[in-house]
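Please read these numbers as outputs of a predicted model, since none were measured by experiment. Both counts, for ligands and for their atoms, begin at 1 and track the order of listing.
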Amino acid sequence: MSQPESSLMNRLVSLSKRRGFIFPASEIYGGLNGFWDFGPLGVQLKNNLRDAWWRAMVECPPMGLDGKPLSIVGIDTSIIQHPKTWEASGHVAGFSDLMVDCRETKARYRADHILVAEVRVRVKNNEQDSTLTEWLSTLDDEDAWETICKKAKKLFLKAGVVEKDIQVADRSTWKPLTDMPSGMGQAEVYGPDAKNKGTLTEPRAFNLMFHSYVGVFQSEDSKVYLRPETAQGIFLQYKNVLDTSRVKPPFGVAQVGKSFRNEVTPRNFIFRSREFEQMEMEFFVPPEDGMKWYEFWVAERMRWWEEQGVKKEHLFRHEIPDNERAFYSAATSDIEYLWPFTAPNFGELEGVAYRTDYDLTQHQKFSKVNLEYVDQENSRRYTPHVIEPASGLTRGVLLLLAESYQYDESRASPEWLKLKPSLAPIKAGVFPLVNKDGMPEVAEKLYLELRQNFTCQYDAKQSIGKRYARMDEAGTPFCITVDGDTLKDQNVTIRNRDTAQQERVALDHVKAYLAGKLV
Ligand code: ATP
């Protein structure tokens, strides 16, 4: 099947815009980098993913290691918390990325997002060959390698070098700016958008938390932060939950909500944005059981993503080595996905971290409130250890779009989304074949009945083919058509999105039919 010219990411961005999944925020003012709005289909898809997570975590959690259902409760905490929260958690001192500025273009980049490639050219001088080396850079996105090759050609062709004498280093040897010797990276490299070399500054730490002020006076005393993760709100309320909910370790507290990070280089559509949503769960366990629960949650979370329709081979468990983990973490695995812009490599979708007792101990120290658990059965007290599966809800929506995207020129809409039916924004389209002869009345009646249980859309405009195409682009699994025969035999046609096959189903059986297919 021939594929269109433009990259998968470009097609996802344009389909999202055209069909109302995702729009640039503040678009009429030119947009705001790193901020996105979810349109009518997008918010429905996001809510469905959120609900599936909430159901699997809070309402119907998995069976635990002893074969009994786990005990996990939900919570919804404030975005703005006491500023000491972020001192205790380490975010004020350490939640930063290394960034570099370009003196020529005034652009700012995350240092580890700049990829540097060595380009060598053979220069013939008085019949003697010599080699000249330059270091070119670009941002590590989908087209990075093509960009580097183009830049190399342009730079040297302009200097009169013959094309065959230009040799761009092998793709596997290029490296992030942060891996270049300090000083050399700055003096020798052409910045991603610069015409001259040596215009990048030394990397500097840049705190990612947005801040504001509470009350009328703006001073250091009234400074507050927008949460960069939802997790800390859970730790602050852990004691209240314990005292009010009849839970005891092992138990979990789950939360879904907005987080904010002033990312240096937000990009790849909604993958890395400055305002996003997270789905996080803190699982509190007796210290000696930490490792086994960590293994449990890594496996469980990989299984859950597969259950949402992600192919097994598109997921990868990346065990973070000792020297790259946060100092307080005893083990961390990133669950990675084969993103269109990282392929053939994988990139983070969710992190599962064994955080030990670090957070509770820190809050205990800063608040001076005892956060130990009193285990009366075994007459002991301890600070629970914590396993945290933390995933991005908005990043998850991008995954669903990328994973479900199909291209087939033989269909009425070559682009269509093969979403898991239960996650699809619209479950069924209900159409009269033509907008007359008694068909609209029957179709409307069916629509009014079905919408009590399923998100449905009634559509009587345009040809039936165009209506199917619109529904395919939205990922709608079923289209139900009332035609001339319906009035005689009380049957409707149900078209299956994935097979494009149609079957006749009795009008009074449509509800049960959908219920059976939408699991
Ligand atoms: P990264 O390495 O990609 O910056 P992280 O390791 O800092 O991510 P965590 O702090 O572990 O991310 O956050 C948990 C999850 O929240 C991530 O796996 C990701 O799905 C999501 N997430 C984090 N930052 C962003 C962002 N800027 N935009 C969208 N989602 C994000």
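Taking both residues in full, the closest heavy atoms of Pro287 and Tyr382 are given as CD-CD1, 3.4 Å, listed atom of the first, atom of the second, then distance.
Heavy atoms from other residues, nucleotides or ligands lying under 6.0 Å from NZ of Lys248 number 12 at most.
Relative to the ring axis of Phe341, Arg267 does not place its NZ or CZ within 45° and under 6.0 Å from the centre.
Nearest-residue assignment for atom 21 (C) of ligand 1 (options Gly347, Gly396, Gly392; heavy-atom criterion): Gly392.
Closest to atom 29 (C) of ligand 1, if we only count protein heavy atoms, is Phe271 O, 3.1 Å. Considering only non-hydrogen protein atoms, atom 4 (O) of ligand 1 sits nearest to Arg272 NH1, 2.8 Å. At the top of the distance list for atom 28 (N) of ligand 1, counting protein heavy atoms only, stands Ser273 N, 3.0 Å. Scanning all protein heavy atoms for the shortest distance to atom 7 (O) of ligand 1 gives Arg261 NH1, 3.0 Å. Here the protein heavy atom with the shortest distance to atom 30 (N) of ligand 1 is Phe276 CD1, 3.4 Å.
For the pair Lys197 and Glu134, the salt-bridge criterion is met [side-chain N within less than 4.0 Å of a carboxylate O].
Side-chain contact of Gln232 with His363: a donor-acceptor pair under 3.5 Å is present, judged by distance alone. A donor and an acceptor atom, one from each side chain of Ser259 and Gln278, are located under 3.5 Å apart. Of the N and O atoms on the side chains of Asp243 and Tyr238, not one donor lies less than 3.5 Å from an acceptor on the other residue. Side-chain polar atoms of His385 and Thr356 form no donor-acceptor pair below 3.5 angstrom.
Annotation for ligand 1: atoms under 4.0 Å from non-hydrogen atoms of Glu350 are 18 (O).
Looking at Gln278 next to ligand 1, an N or O pair under 3.5 Å apart turns up. Between Leu349 and ligand 1, at least one N/O pair is under 3.5 Å apart. Residue Ser391 has no nitrogen or oxygen atom sitting less than 3.5 Å from a nitrogen or oxygen atom of ligand 1, judged on distance alone. Considering both main-chain and side-chain atoms, Glu348 comes within under 3.5 Å of ligand 1 through a nitrogen or oxygen pair. Among the atoms of Glu229, none of the N or O lies under 3.5 angstrom from an N or O of ligand 1. Of the N or O atoms in Ile270, none lie within a sub-3.5 Å distance of an N or O in ligand 1.
Among Arg274, Arg272, Arg108, the one residue that satisfies the salt bridge (charged side-chain N to carboxylate O under 4.0 Å, His left out) test with Glu263 is Arg272.
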